[in-house]
Amino acid sequence: MARNDLEREVMAKLWDAREPLTVRQVHDLLSRDRDLAYTTVMTVLDRLAKKGLVVQQRADRAYRYAPAQTREEMTAGVMLDALSATPDRDAALAYFVGQLPPEALRAAIEKAGRNIER
């Protein structure tokens, strides 16, 4: 999973993009807010590809990168990993759900119901 801050920022830029991005494009987007070396962004994207979090697509002499999963799919995966690591999954899930505002919980249940019906 994307653990460090830079990996999370790179993933956010890829999720927000409408198409796969080159290293240069990701670097340009990130450089608006911080000073980063091009090679640092290239290394992070390579690391994310090796972890299976992004897909590398060959485009002429460069690669384009796209997320392997949606933001929601990845978040759900992280949550499921965390739940599977606890000896009392039900208690952890109940505590998590108890932290949600009622309107967010209602919306999530409605959305899950629509997804199940498909």
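Quick note: numbers below take in every heavy atom, side chains included, and nothing from hydrogens, waters or symmetry partners.
- Crowding of D16 atom CG: a count of heavy atoms from other residues, nucleotides or ligands under 6.0 Å exceeding 12.
- Q25 places none of its side-chain heavy atoms less than 4.5 Å from the side chain of K13.
- Placement of L21 and V55 in two distinct hydrophobic clusters is found when ILVMFWY residues are connected by side-chain heavy-atom separations under 4.5 Å, directly or transitively.
- Residue L83 is grouped with residue L105 when hydrophobic side chains (ILVMFWY) are merged at heavy-atom distances under 4.5 angstrom, including chains of intermediate members.
- The hydrophobic clustering, which links ILVMFWY residues whose side-chain heavy atoms are closer than 4.5 Å, places V97 and M79 together.
- Looking at heavy atoms from C-beta onward, Y63 lies out of side-chain contact with Q57 at the 4.5 angstrom threshold.
- Residues L6 and L30 form a side-chain contact, since some pair of their non-hydrogen atoms from C-beta on lies under 4.5 Å apart.
- Scanning both residues, A68 and G52, for their nearest heavy atoms gives CB-O, 3.3 Å.
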Taking only distance into account, with no hydrogens and no angle test, what donor-acceptor pairs under 3.5 Å do side-chain atoms of residues 84-96 form with protein atoms, sequence neighbours excluded?
residue: S84; atom: OG; partner: L80; partner atom: O; Å: 3.3
residue: S84; atom: OG; partner: D81; partner atom: O; Å: 2.9
residue: D88; atom: OD1; partner: A91; partner atom: N; Å: 3.2

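- Looking at Q56 and R64, their side chains never bring a donor and an acceptor atom within 3.5 Å of each other.
- The OG1 atom of T70 lies 4.5 Å from the CD atom of E72; values are rounded to the nearest 0.5 Å.
- Criterion: ILVMFWY side-chain heavy atoms under 4.5 Å apart, direct or through other members. Under it, W15 and L29 are part of a common hydrophobic cluster.
- Salt bridge status for D28 with R32: absent, with no side-chain N to carboxylate O gap under 4.0 Å.
- At least one side-chain heavy atom of L45 sits under 4.5 Å from a side-chain heavy atom of Y65.
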Show the numbers, then the answer: is there a side chain to side chain contact (heavy atoms under 4.5 Å, CB included) between R47 and T43?
-> CA-CA 6 Å; R47 204 177 318 140; T43 299; 3.6 Å; yes

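- The side-chain heavy atoms of E7 and K51, taken from C-beta on, include a pair separated by under 4.5 Å.
- Criterion: ILVMFWY side-chain heavy atoms under 4.5 Å apart, direct or through other members. Under it, M42 and V44 are part of a common hydrophobic cluster.
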Steps toward side chain to side chain contact (heavy atoms under 4.5 Å, CB included) verdict (M11, R71) = CA-CA 8 Å; M11 290 302 300; R71 191 182 319 242; over 6 Å; no

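- Among all heavy-atom pairs drawn from R58 and R61, the shortest one is NH1-O, 3.6 Å.
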